[in-house]
Amino acid sequence: MEPPDSSVQSPDLVSLELTVENVETALQQLYYDPDMEHKNVAQKWLTQAQTSRQAWQFCWPLLSPDKLPEIQFFGASTLHTKISCHWADLPTDQHQTLRMQLLSHISHFSSGPKMVLTRLCVALASLALHTMPQGWPQAVADMVRVYQPEKAGDQGGSQGGCLALLELLTVLPEEFQSCRLPQARRAQLREALAGEWTAVCPLLRQLLQRQEGNSQVKEQALRCLSSWVGLNFPLHGESEGLLQDCFAALSDPELFDTAVETIVGSISQPDCQRYTDALVNLMPLVLGLHDQLKAAARDGDMETSHGICRIAVALGETHSRTLLEQVEHWQGYLALVNMILFCTGIPGHYPVNETTSSLTLTFWYTLQDDILSFEEDKQVVYLQVYRPVYFQLVDVLLHKAHFPSEQDYTSWSSDDKEQFRIYRVDISDTLMYVYEILGAELLSKLYDRLGRLLMDTERPAAWQDTEALLFGFQAIAETIDVNYSDFSLLPFCSLAEWLADHPMMLGNVLPMVLQGLVKAELSVSSVSTLKRICRECRHDLAPYTHDIMTVSQDVLVKDIHKSSQCMWLMQGLGFLLSALPMEEILGSLTTLITPHIQRLDTLAHQEPSPTAKLSIIHILGMLSSLFTTLDISRQDEGSEGTTPAQARPNPVVVVLQQVFTLIQTILSKWLSDSEVVEAVCGVFERSVKTLLNDFAPMVQQLSEMLGQIYSAFPQASALDLTRQMVHIFAGEKDHFSPIQALIELVTSTTLSIFQQGKRKKPDLYLSDHQDVKALFYCGVLSLKFPETPTAKSACMFFMELVCHCGDIPPIGQVLQRDGKLLVHTILEMVGSQSFCCLTEHFSEVLFCLNRHCPVLLAQWLKEGLHVPGFPSAQVSMEQKDTFSQQLLREQTNKRRVKEIVKEFSLLCRGLQGTTGYSADY
């Protein structure tokens, strides 16, 4: 289409009549006008034109041979739009004429343009779906007769006619799958199309079997078969032969990719499981590709090996159980499993040298699940056959998890490295799953292999070999219950525990771990391994402490690792420091944290900024992690002749006292920032939990600081730390006074917050002697807060409160008086769309009420649930009565109460049919 003269003003399309000329003008404006506003006007006008009644007439002239392809395409698209969306506008007596016109135009456009031909074929397919089966019986057979495919091998137009027919047969099922149809009509059409398969299948076989056939025709025939696969044609007789013809097409490089797609699509249909004989007959065809697969792997032909692997996995995974049940063909399926094992272990590093092995991993899950789903006597037989394969699989997976040489790995792109990381995660998941079928024998073999690897002094192993084995141990250890009886056979359940029992091997392993620690790409594995070694082997690490501390300090200062890995590393160093002699801990601790304290001091005196905030939170997080694990209390157990812990200052307390002023400086600038305050509180909370009574020297200081934080900007982190302080020190006479003052300040501040909000009965709870009632009402209000942690904490508060309704009179009194408000609030929340994630916590409050005051609960439920439309208009009175009765019956089974409340919540939200209620109503 020639671009118009830019000096000519675009016409006003709004006022134009619907004529062929005006449609062409609008198309010209759409394609070539540089003004986007004009283009949008043209687009809107053309869309309206397609939906008009005149479109039935003006579309045909647009298909004239003298028109440009863009205009012809619009004409064909308009025909499809009219037939698919406005079929009712066309009189019945014109259906036959329209069909003949479309058949004629498809013949004319059989040699192109392809885009016009495809749209015309889609239009005829839509017409066929409107008229089958009554208005156009044997539609496909008629199409085949019109285009005479038996002459498709001749030169000239007959080949074009064959391609046009194949295009038409390809789009017919696609149009059926994409169009919107009533369920009954869809079922009728599916049956009609299934009947037409008898005309399609012989045609496709004829075209695929022709020796002199054009590759373009064969490729389109394969695509046509892929389109019909979704209709679940029966896989026997002629259809089975057609699928075998597709395997023959794999030998043609031009057809290979299309043939793979067709075969995989065909045998991946679950419905194929009904045709057991056909599946068995396919196995030799797939196994016949093994030599081609080996050659492709040897030559580095990734496309071919990838395609053949897809075929093998499609058959083996989709029909695993069906083929396992064919016990007389067990050798054939075992050969297929071994072929897939070859694909798993295909040479090369993923994803640089190969991309095939990842396709196979889910197959091993499926095969294992199917084997373990058989009865026990059959399981024994299958396991005798397939456990050796799974042991080979473990060796293959560990080999595939190997890191490449450092030189090769350096040359990889960041995307390749990320894909390899994800690939190793998938291998790890597979190893965890495989453990279920191999059990303790797998651990024993890995244990022996690791021992041989580390003990071989003549041929030291490459670090990649050792790391791959450790990777395997880690994968299995992460999912194993340490009490599992298999471990009675082994002295370890992870590498770290094994090293604890074999400390002489630390000298072999630690250098490799420390080398990995300085490499960002090995961050997760190296840091997590060092942390576990420091935890399990802390008492054997004295000879290596200096090296560990030096390397760790260096990587922390250089910011080699992400924040989360820095936290892990600090936890590991906390374990390491805990095992040092008391006189060495403080010095080593000071050396470790001094650079970070200095950095924190610099940040504390800077103006607040997002960058400074992240750095402050990071450093405080590292201190929190360190103080979580730095626990010297175990050194006091059984020690004789040493100074008692209480007579010497705890190193953590010494450090906290030294940095306390610095922390106050930070708070003076960041007090209104909840994340920074949370990080500050985290340092002290972790320390309190670890040190317990050893934290006593700081109780006075910390209590005062918490009071200042909470009174200025009340925050949840300050409350959590206050709770921890109360739990540990409220019973200590020496610390009762500061703790009491802190509680009074927190309580008064909290009550003042609630007084500022909306209250239904503000005067009811403000008496000087009704603190419990005020807290009760605050709790009820908190149940409605949008923040999940707040509502969850309120539920825990009421669970604790209700438990004491019998032994603490003020609690019993407030519950008698206002328990109805509590229950009605919970019912309101249970019936709410917004609070469905808290249903389990609400159910626990109801469970406590039912245990401690069931009579009152029954009364409150009756009063609340008998209100029409409460807690939801979705539930009937009968359903509410059922809920009440079921709930009141359960005073001992908390799990059942949770189920009852969850079911009622689903009903309130209109989700009937998803639970047991659907059986009753």
Next on the checklist: Taking the side chain as everything from C-beta on, heavy atoms only, tell me whether M829 gets closer than 4.5 Å to L838.
Outcome noted: no
Checklist entry - Do you know which of L556, T629, L623 makes side-chain contact (heavy atoms from CB on, under 4.5 Å) with M570? => result L556
Item to check | Nearest heavy atoms of C681 and L706, plus distance in Å | outcome: SG-CD2, 4.4 Å
Checklist entry - If you draw a 6.0 Å radius around NE2 in H804, do more than 12 non-hydrogen atoms from other residues or ligands fall strictly inside? => result yes
Next on the checklist: Looking at S843 and E840, would you say the former's side chain and the latter's main chain have a donor-acceptor pair under 3.5 Å?
Outcome noted: yes
Next on the checklist: Determine whether a donor-acceptor pair (N or O, by modelled atom type, separation under 3.5 Å) exists between the side chain of T747 and the backbone of E744.
Outcome noted: no
Checklist outcome for this item: Taking every heavy atom of L589 against every heavy atom of P651, the minimum-distance pair comes out as CD2-O, 3.9 Å
Checklist entry - Taking the side chain from R538 and the backbone from R535, do they hold a donor-acceptor pair closer than 3.5 Å? => result yes
Item to check | Atom pair CD (Q700) and OG (S737), whose distance is rounded to the nearest 0.5 Å | outcome: 7.0 Å
Checklist entry - Is it true that R896 and E899 make a salt bridge, defined as a side-chain N closer than 4.0 Å to a carboxylate O? => result yes
Item to check | Side chain to side chain, I632 and L630, heavy atoms closer than 4.5 Å | outcome: yes
Next on the checklist: Any non-hydrogen side-chain atom of K898 less than 4.5 Å from a side-chain atom of E844?
Outcome noted: yes
Next on the checklist: Distance check, rounded to the nearest 0.5 Å: C805 atom SG versus L801 atom CG?
Outcome noted: 8.5 Å
Checklist entry - What closest approach, in Å, do A794 and G779 show between heavy atoms, and which atom pair accounts for it? => result CB-O, 3.8 Å
Checklist entry - Under the 3.5 angstrom rule, does the side chain of H824 hit a backbone N or O of G864 as a donor-acceptor pair? => result yes
Checklist entry - With a 4.5 Å limit on heavy-atom distance, are the side chains of L656 and L702 in contact? => result no
Item to check | Exam field: side chain N850 to backbone E890, donor-acceptor pair closer than 3.5 Å | outcome: yes
Checklist entry - Does T690 reach the main-chain N or O of T628 with its side chain, forming a donor-acceptor pair under 3.5 Å? => result yes
Checklist entry - Looking at CG of L573 and CD of Q553, how far apart are the two atoms once the value is rounded to the nearest 0.5 Å? => result 8.0 Å
Next on the checklist: As an exercise, state the distance from CZ of R686 to OG of S625, rounded to the nearest 0.5 Å.
Outcome noted: 5.5 Å
Next on the checklist: Measuring only between side-chain heavy atoms, which start at C-beta, is V659 closer than 4.5 Å to I593?
Outcome noted: no
Checklist entry - Should the ring pair F729 and F695 be called parallel, tilted or perpendicular, given that the plane angle runs from 0 to 90° and is split at 30 and 60? => result tilted
Next on the checklist: Would you say that K613 contacts P608 through its side chain, given a criterion of any heavy-atom pair below 4.5 Å between the two side chains?
Outcome noted: no
Next on the checklist: One pair to check against side chain to side chain contact (heavy atoms under 4.5 Å, CB included): V823 and V845. What are the steps and the verdict?
Outcome noted: CA-CA 9 Å; V823 171; V845 179; over 6 Å; no
Checklist entry - When you look at E704 and Q708, which way does the side chain to side chain donor-acceptor pair (under 3.5 Å) test go after all the steps? => result CA-CA 6 Å; E704 293 174 358; Q708 294 168 4; 5.4 Å; no
Item to check | Trace of the side chain to side chain contact (heavy atoms under 4.5 Å, CB included) decision for W568 with Q565 | outcome: CA-CA 5 Å; W568 294 356; Q565 276 77 62; 4.0 Å; yes
Checklist entry - Roughly how far, to the nearest 0.5 Å, is NZ of K669 from CD of Q664? => result 14.5 Å
Checklist entry - Is there a side-chain contact between L510 and L541, using heavy atoms and a 4.5 Å cut-off? => result yes
Checklist entry - Under 4.5 Å between any side-chain heavy atoms of Q571 and L626, yes or no? => result no
Checklist entry - Counting only N and O atoms by type, is there a donor-acceptor contact under 3.5 Å from the side chain of S711 to the main-chain atoms of G707? => result yes
Checklist entry - Is a donor on one side and an acceptor on the other found under 3.5 Å between the side chain of N650 and the backbone of L691? => result no
Next on the checklist: Is there a ring-ring contact (aromatic ring centres under 6.0 Å, His included) between F684 and F627? Walk through the geometry before answering.
Outcome noted: CA-CA 9 Å; F684 291 101; F627 297 158; 8.9 Å; no
Checklist entry - What distance separates L742 CG from M705 CE, expressed to the nearest 0.5 Å? => result 10.5 Å
Checklist outcome for this item: Heavy-atom closest pair (S588 atom, L580 atom, distance to 0.1 Å) is OG-CD1, 3.8 Å
Checklist entry - Checking side chain to side chain contact (heavy atoms under 4.5 Å, CB included) for the pair T545/I548: CA distance, chi angles, key distance, verdict? => result CA-CA 5 Å; T545 299; I548 295 173; 5.8 Å; no
Checklist outcome for this item: In terms of heavy-atom contacts, D631 and S578 come closest through N-OG, 2.8 Å
Checklist entry - Hey, does the side chain of Q715 reach the backbone of L671 with a donor-acceptor pair shorter than 3.5 angstrom? => result yes
Next on the checklist: Using every non-hydrogen atom in the two residues, find where L857 and L846 come nearest and quote the distance to one decimal.
Outcome noted: CD2-O, 3.9 Å
Item to check | Donor-acceptor contact present, side-chain H561 to main-chain L569, <3.5 Å | outcome: no
Item to check | Salt bridge present between E685 and K689 (N-O < 4.0 angstrom) | outcome: yes
Item to check | Step-by-step side chain to side chain contact (heavy atoms under 4.5 Å, CB included) determination, F713 to V677 | outcome: CA-CA 10 Å; F713 291 95; V677 173; over 6 Å; no
